[in-house]
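Below is one structure, written out as structure tokens; the observations come after it.
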Amino acid sequence: MIYVSGDRLRPHNVRAAAFDTRWRGLDPEQVHAYLNQLADELDRLHRELTTANTEAERIRQALRQWQSRHTACRFTGPDSSPNSRWQR
């Protein structure tokens, strides 16, 4: 099996995995069934990560827009104005 360290493991890497055969080795059908299940899970997680990153970027952009529209509405603390009713 070829896996370059530093690269992310993708579903197609799992599906294409090949192992040497050994006498008294594992059942190839069970191994391939498990690898397919693992690849499906990786695929699902990759889609969820992509969706989450897209949503996070959408929220960041909306926050930037909101901040730029409300720059004049900033809170001024009690010490910022000499005539403030909160001044002691």
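We number each residue from 1, following the sequence as shown.
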Which pairs of donor and acceptor atoms, one on a side chain in residues 39-49, lie under 3.5 Å apart (sequence neighbours left out)?
residue: Asp40; atom: OD1; partner: Arg15; partner atom: NH2; Å: 2.3
residue: Glu41; atom: OE1; partner: Arg44; partner atom: NE; Å: 3.2
residue: Glu41; atom: OE2; partner: Arg44; partner atom: NH2; Å: 2.4
residue: Asp43; atom: OD2; partner: Arg47; partner atom: NH1; Å: 2.7
residue: Arg44; atom: NH1; partner: Glu48; partner atom: OE1; Å: 3.3
residue: Arg44; atom: NH1; partner: Glu48; partner atom: OE2; Å: 2.4
residue: His46; atom: ND1; partner: Arg10; partner atom: NH1; Å: 2.9

Residue pair Glu57 / Gln61, side-chain donor-acceptor N/O under 3.5 Å
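Yes, Gln61 and Glu57 have a side-chain donor paired with an acceptor closer than 3.5 Å.
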Under the side-chain contact (heavy atoms from CB on, under 4.5 Å) test, residues paired with Glu55 that sit two or more places apart
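Counting only residues at least two positions away or on another chain, Glu55 forms a side-chain contact (heavy atoms from CB on, under 4.5 Å) with Arg58, Ile59.
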Minimum heavy-atom distance Val14-Leu35, with the two atoms named:
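Where Val14 meets Leu35 most closely, the heavy atoms are CG1-O, 3.1 Å.
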Flag side-chain contact, heavy atom, 4.5 Å: Leu26 against Tyr34
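No, their side chains stay 4.5 Å or more apart.
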Just to verify, what does Arg64 make a side-chain hydrogen bond (donor to acceptor under 3.5 Å, both in side chains) with, not counting sequence neighbours?
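Listed in chain order: nothing, the list is empty.
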